[in-house]
Number of protein chains: 2
Amino acid sequence: MGVTSRHVHEPASRRLANELRGQIVGGDLSPGDRLPSERTLAETHGIARNTAREAVRLLTDEGLVTAEHGRGAFVRAQPRLLRFGQHRYSRKVREETGLSPFHAEVIAQGLTPNAVLDRIGRVQPPTHVAERLDVSPRTKSVVERVNWYFVDGEPVQIGTTYIPWKIAEGTELATGDNLGSGDLYARFEDQGYAITYTREEVTARMPTRDEARDLRMPGGVPLLVVTHTGLDAQRRPFELTEFKMRADHSGLDYTMKVDN
Amino acid sequence: MGVTSRHVHEPASRRLANELRGQIVGGDLSPGDRLPSERTLAETHGIARNTAREAVRLLTDEGLVTAEHGRGAFVRAQPRLLRFGQHRYSRKVREETGLSPFHAEVIAQGLTPNAVLDRIGRVQPPTHVAERLDVSPRTKSVVERVNWYFVDGEPVQIGTTYIPWKIAEGTELATGDNLGSGDLYARFEDQGYAITYTREEVTARMPTRDEARDLRMPGGVPLLVVTHTGLDAQRRPFELTEFKMRADHSGLDYTMKVDN
DNA sequence: TAGTGGTCTAGACCACCAT
DNA sequence: TGGTGGTCTAGACCACTAT
């Protein structure tokens, strides 16, 4: 009895999933290739369609496969990871390239970026936002700006920025006017808030149904949720952005000094 | 037709999932409570057991519910998040408390930490490790140390540390001797490498079956994968640790200066 | 129109847990 | 031993995509 004979009663669905996984990682099935249909798999393996279906589901849960209604199940291409770090807020990058860091990163990968302001308005902030920005959670104390970020036309990130009304009032920060999202930090400087420190809180979770729809996320892909707080030289918070990123397209890359 | 009548043909499984979700977020079902059994749900809702089962599966995929074979399906308690940042490597924390940052963070939450060295050996590094440590990917150029981290006896993180053999050779870094994992950076200082910068690359993905087993992860919970590289004052890399964290127990919290 | 995935039914047996 | 979730069968109809 070697190590290979662990699963004596391995369920048929898992056995089929293993077989297909082997073909994927072994290269017999390449990214973009269509898997045999559920009915075909059932017939060729002498199992019920629901069992073949369960096998395919296991693979989609692992993120290896994506199912498309009416078309088939396809081997997922693993997109190159876009990496975002604290240079996201760097004035130097902003001024030297004239590009927002998102645009710069995407272009550097030979892809086409796009960002649009989806929604803007004065709202009551969620409690965790109110805490971090030191504003009232019970009044319309912030401006909310919702930005969508696209790569080659596909949405990959949604960023929701909250700005205290006291700071945004009467400025372009409170209106949708003439503001590529990359220029946001220049506008804050106009108001006397130069971003000097950034606090980044990172978690991951599975998307809700709506989030998965918005970001066209296949199964088995988590959301990377980054709560960014912008602080000035006196460590006063003046802006908070919550990024929701497809974890298969985006990663984070920070280099920082250890505070000894 | 208002916004509420969107889903005319909402499938029964999703309707039941919505109903149960409402009871969970509304407080009718509290963390730890058992859901009605699949057979009961099927009977009371006039649907097949498989359909009720699908509804429960939707909730486990969202991370709201966890199913236990032979016992039932239970509303998941949302554990408080442990937050790790660059102070993880701070000498000050190390010296003032005598605790590793992991221990300090867990104790601060009123919980009981534990860390054990699971495995140690001289190995050939994975390519991404060899690149970052500037060592050969084709020889046994690194020492690998695998640490498991527990909270209240439950495993929540696995950290795999790679150290160039040139640095570890002949020191406690290369042996399992007498080295609480928190003291690791003190040992590096002995060798002339004081951690000054840390590079943290963060991604998220669903766990493999083995990882889910090792970390006793319920369905619907992603892994947060942190690739940490330790750099000295001359920005020479001397150590790399890959952390796999349960995203429902652990988060990251970095504050850093923006490099303008 | 034919083929695909999405959902559902009404059973069945197995593996696990508590009593 | 009885109840639970885990797996499976052999069908069925619906919704979507391509031709």
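The chains referred to below are lettered A, B, ... by the order of the sequence lines, with proteins before strands, and numbering in each begins at 1. Quantities reported herein were computed from a predicted structural model and do not represent experimental measurements.
- Candidate nucleotides dT17(D), dT7(C), dG6(D) were compared by shortest atom distance to the side chain of E38(B), and dG6(D) ranks first.
- Under the 4.5 Å side-chain criterion, counting only non-hydrogen atoms from C-beta, H228(B) is not in contact with T161(B).
- Ring geometry for F243(B) against Y149(B) counts as tilted: the plane angle lies between 30° and 60°, on a 0 to 90° scale.
- For L35(A) and dG5(C), the CG to P distance is 9 Å, given to the nearest whole Å.
- Listed candidates were dG6(D), dA12(D), dT7(D). Nearest to the side chain of N50(B) is dT7(D).
- Put simply, CZ on R34(B) is 15 Å from P on dC17(C), counting in whole angstrom units.
- Between V142(A) and V123(A) the shortest side-chain heavy-atom distance falls below 4.5 Å.
- In this structure, R122(A) does not pair ionically with E144(A), as no charged nitrogen and carboxylate oxygen lie closer than 4.0 Å.
- A donor and an acceptor atom never sit less than 3.5 Å apart when one is taken from the side chain of R57(A) and the other from the base of dG6(C).
- Between the side chains of R21(A) and N18(A), at least one donor-acceptor pair of N or O atoms lies under 3.5 Å.
- When each of R39(B) and E54(B) is assigned the nucleotide of DNA chain C bearing its nearest heavy atom, the one mapping closer to the 5' terminus is E54(B).
- Rounded to a whole Å, the NE2 atom of H69(A) is 5 Å from the C1' atom of dG5(C).
- Contact annotation: S37(B) reaches the phosphate of dT4(D) (side-chain N/O to OP1 or OP2, under 4.0 Å).
- Projected onto DNA chain C by closest heavy-atom contact, A52(B) and G70(B) fall at different nucleotides, the more 5' of which corresponds to A52(B).
- Nearest to the side chain of P11(A), among dA12(C), dC8(D), dG5(C), sits dC8(D).
- OP1 or OP2 of dT7(D) has at least one side-chain nitrogen or oxygen of R14(A) nearer than 4.0 Å.
- Along DNA chain D, the nucleotide nearest to A73(B) and the one nearest to S13(A) differ in position, and the one closer to the 5' end is contacted by A73(B).
- Atom pair E68(A):CD and dG3(C):C1' shows a separation of 15 Å (rounding to whole Å applied).
- Here the P atom of nucleotide dT9(D) and the CG atom of L16(A) are 11 Å apart, to the nearest Å.
- Side-chain atoms of R49(A) lie closest to dC13(D) of the nucleotides dG5(D), dC13(D), dC8(C).
- When the C1' atom of dT4(C) is taken as reference, atom CZ of R71(A) falls 10 Å away, rounded to whole Å.
- Taking 4.0 angstrom as the limit, T51(A) places a side-chain polar atom (N or O) nearer than this to OP1 or OP2 of dT9(D).
- Rounded to a whole Å, the CZ atom of R53(A) is 17 Å from the C1' atom of dG6(D).
- If you measure from atom CG of L58(A) to atom P of dT7(D), you get 8 Å, rounded to the nearest angstrom.
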